[in-house]
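What you see below is based on every heavy atom in this structure, not just the backbone, and it leaves out hydrogens, waters and symmetry mates. Order of the sequence lines sets the chain letters (A, B, ...), proteins ahead of strands, with each chain counted from 1. In this text, all values refer to a predicted model and were calculated from it rather than measured experimentally.
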Amino acid sequence: MAKPNQPTQPPAKKSKKAVPMPKQEPKVRARNFNEVALGYSEEQALEEAARCLNCPKPQCVVGCPVELDIPAFIKLIKERKYDEAIKKIKEKNSLPAICGRVCPQEEQCQKLCVLGKIGEPTAIGRLERFAADYELKKGVDTPTLPTSTGKKVAIIGAGPAGLTAAADLAKFGHEVVIFEALHVPGGVLVYGIPEFRLPKKIVEAEVEYIKKLGVKIQTDALIGRLHTIEDLFKKGFDAVFIGTGAGLPQFMRIPGENLGGIYSANEFLIRVNLMKSYRFPEYDTPIRIGKKVAVIGGGNVAMDSARSALRLGAEEVCIVYRRSREELPAREEEIENAEEEGIVCKFLAAPIRFIGDEKGWVKGMECILMQLGEPDESGRRRPVPIKGSEFIMDVDTVIVAIGRTPNPIIQTTTKGLQTTKWGTIIVDEKTGQTSIPGVFAGGDIVTGEATVISAMGAGKRAARAINEYLMQKKS
Amino acid sequence: MYKIITKRELAPKIKLFEIHAPEIAEQARPGQFVIVRLHEKGERVPLTIAGYDRHKGTITIVFNEVGKTTKELGCLNNGDSILNLAGPLGNPSEIQKFGRVLVVGGGVMTAPLYLVAKALRDAGNELTVVVGARIKDLLIYEKEMKNIADEFYVTTDDGSKGQKGLDFLKELLSKKHFDRAVVMGPVVMMKTVSEITKPFSVKTIVTLTPIMVDGMGMCGACRVTVKGETKFGCVDGPEFDGHAVDFDELIKRQRVYLPEERVASVFYEKIGGCACGEA
């Protein structure tokens with residue numbers, strides 16, 4: 001495939017539009033769990049790469065939380081040097097096949113791309129995925145490992161923050177052990193994001209790469225219960241990184257919320273993604289999906305839940321969101337995908353109570369209409385209920401996707417660890433240093449629920465700080 | 001992988017496993033539970049810890065073969081391994097000197113209750129222990145409980161041994177003052193005992209094992225209403241005030257997946273089930 005040193009002919013006139021991502025047909029994909037976006041072919045990748053202007057002062061890099069040298073890897077794709085392109089990416093990013101799929105590039109690197117001023121920006125994410133998939137298909141090279149520093153670091157949580165910190169620390173030459181509470185590594189990448197958006201074999205492959213860097217992963221290890229952070233230091237670890245994420249579901253606290261058929265998005269997605277209940281009874285974990293499903297919320301998790309419900313055989317799936325389409329926090333791409341598949345949205349409405357049948361199963365949801373008032377502290381206009389506008393929706397399944405809060409187990413079992421009133425861990429922003437020497441934290445456990453890539457950025461910064469801490473520390 | 005060291009049948013369909021899990025054994029305390037996952041396609045099932053031996057590095061679980069997973073688990077033998085075992089999870093039981101404690105165990109949960117009862121006795125409490133089951137053949141931990149009890153009763157639903165039902169508790173409570181009641185058993189039984197102790201104002205602690213998936217606070221499947229507030233069985237419990245729990249809601253939530261349970265069991269038999277139960 002790769003023909004080094006063969007210059008490509010730039011197209012005579014650059015298109016204002018990016019090469020579109022090939023996808024499964026909406027009607028077909030709405031009934032299967034296979035990946036929706038199929039990825040660029042070599043030709044498509046070359047065509048898209050040729051659009052990159054290779055700016056002398058690239059703005060895209062500024063927008064990347066993990067400081068990827070974007071023009072450099074795109075240039076290598078242009079030159080068909082795919083092996084070198086992925087090597088260039090992996091200098092900064094250990095999870096490129098994942099980031100190429102789930103990063104909100106339109107809010108980061110691509111937002112700052114110069115091409116975006118006159119048309120569509122370079123499709124950086126799609127090119128990153130192309131290079132990463134190229135390598136996964138070919139077989140991943142075993143990286144050369146640095147000489148050991150003799151220092152040991154414990155990472156708590158094998159999600160995006162923990163995996164990134166682990167990879168970088170291993171590259172510095174430290175011995176790294178990740179403690180993961182669930183039975184597989186990946187965190188939100190395996191329990192939260194669905195197969196059709198991020199195939200689990202991609203996560204497995206990237207975790208394999210991190211293991212090849214020498215990182216050990218111990219699953220079934222809930223820190224705080226199995227060992228405390230204090231125990232980890234006693235066991236010979238020199239530093240600890242906490243990347244336990246925002247894994248606790250929020251509920252609305254309205255009447256009837258504990259009826260059967262009402263799931264937190266977390267429960268719903270854990271059953272479907274982590275436990276593979278879409279393959280019940282071949283897999284043991286069941287999931288019950290009704291005919292009329294309502295999903296409460298408007299973020300990516302709401303979109304993921306709605307699209308999963310459809311794939312499980314629901315007849316109607318409706319997203320109920322208290323603001324309007326404009327304020328939807330989900331990625332535009334995911335909203336479009338959902339709409340194409342036939343998900344409907346009920347905007348400016350919120351549930352106020354659930355109605356159950358005699359067996360305790362949900363059969364209806366009373367909602368109230370909203371209008372947008374003055375902007376609140378988030379900068380978005382605050383939804384205000386319209387008196388007398390109550391109405392009832394027939395539903396037999398409800399998925400509550402209104403956000404997740406930090407996991408409290410570490411905070412409540414670690415003496416001296418300072419937290420905010422929201423339960424997030426207080427750190428020095430640059431280093432991730434917590435109130436306890438040698439203990440660092442990053443990702444959703446610090447910021448509250450955010451993105452995969454921002455957690456990775458935090459993991460990266462903390463790894464650098466941990467390295468400095470370890471190298472300054474005597475013996 | 002976690003190896004099974006000892007397997008014993010305590011009563012029909014009730015089995016005891018001692019499993020090699022040194023890290024869990026080191027930390028486990030009475031009242032906590034583990035999550036078991038048997039194989040790559042397995043579900044995550046919570047089981048309350050019925051014992052641990054820090055020296056041997058083992059934990060003990062006792063379970064009733066009711067669903068597909070517990071049937072499959074029951075087919076494993078000495079030397080076989082379990083793929084995943086996470087724990088100890090949940091808050092440990094509150095152990096201190098309360099005075100006179102009424103300890104009521106029902107069915108398979110009598111096993112983990114024995115661990116709690118022992119700790120209560122070691123803390124200096126005087127114990128009145130009641131061990132119950134549907135029928136006399138299903139009684140477990142009778143001898144063990146009797147040995148640590150100051151006063152001991154057996155009860156069965158059909159009266160095949162000891163007292164019939166739980167009504168005799170009223171008499172017991174009216175005769176003696178109790179400082180606390182600790183109950184572990186089927187939800188309906190814990191509800192009944194809580195209702196009996198309430199008029200006597202005896203603080204009653206129940207151990208709830210609602211449906212859960214991760215067991216670490218992530219899914220919220222195990223939510224229970226306690227004093228009008230939603231709590232998670234896995235991280236806020238498993239012990240709750242029996243006088244504050246909405247048992248009726250809990251009973252409904254427990255039944256949510258009964259049809260799927262049946263499907264799973266039928267599917268399991270169809271693909272061959274397990275060979276050991278045949279004989």
In terms of heavy-atom pairs under 4.5 Å, which option from [options] contacts chain A the most?
options                      : result
B:G215, B:G87, B:A28         : B:G87
B:V266, B:V256, B:V224       : B:V256
B:G67, B:A264, B:P259, B:G42 : B:G42

Non-hydrogen atoms of chain A under 4.5 Å away: do they reach the side chain of [X], the backbone, both or neither?
X      : value
B:V213 : side chain
B:I24  : both
B:I211 : side chain

Quick one: which of [options] has the most heavy-atom pairs under 4.5 Å with chain B, could you say?
options                        : answer
A:I409, A:L274, A:I262, A:V400 : A:I262
A:A265, A:P408, A:P281         : A:P281
A:L248, A:I270, A:L226, A:I287 : A:L226
A:G247, A:G360, A:P249         : A:P249

Kindly provide each donor-acceptor pair between chain A and chain B shorter than 3.5 Å, listing atom names and distance.
from, atom 1, to, atom 2, distance (Å)
A:H183, ND1, B:R44, NH1, 2.8
A:Q218, NE2, B:E23, OE1, 2.8
A:D220, OD1, B:N84, ND2, 3.4
A:D220, OD2, B:N84, ND2, 3.0
A:D220, OD2, B:L85, N, 3.4
A:R225, NE, B:G90, O, 3.4
A:R225, NH2, B:N91, OD1, 2.9
A:H227, NE2, B:E23, OE2, 3.0
A:E257, O, B:R223, NH2, 2.7
A:N258, O, B:R253, NH1, 2.7
A:N258, OD1, B:R223, NE, 2.8
A:N258, ND2, B:T225, OG1, 3.0
A:N258, ND2, B:E249, OE2, 3.2
A:I262, O, B:R223, NH2, 2.9
A:Y263, OH, B:Y257, OH, 3.0
A:S264, OG, B:C219, O, 2.6
A:N266, ND2, B:M218, O, 2.8
A:E282, OE2, B:K41, NZ, 2.7
A:D284, N, B:K41, O, 2.9
A:D284, OD1, B:K68, NZ, 2.4
A:D284, OD2, B:K68, NZ, 3.3
A:R288, NE, B:E260, OE1, 3.3
A:R288, NE, B:E260, OE2, 2.5
A:R288, NH2, B:V256, O, 2.4
A:R288, NH2, B:E260, OE1, 3.1

**Message:** Heavy-atom cut-off 4.5 Å, strictly under: side chain, backbone, both or neither for A:F280 against chain B?
**Reply:** side chain
**Message:** Could you report the tightest heavy-atom contact between A:F251 and B:G220, atom names first, then the distance?
**Reply:** CZ-O, 4.3 Å
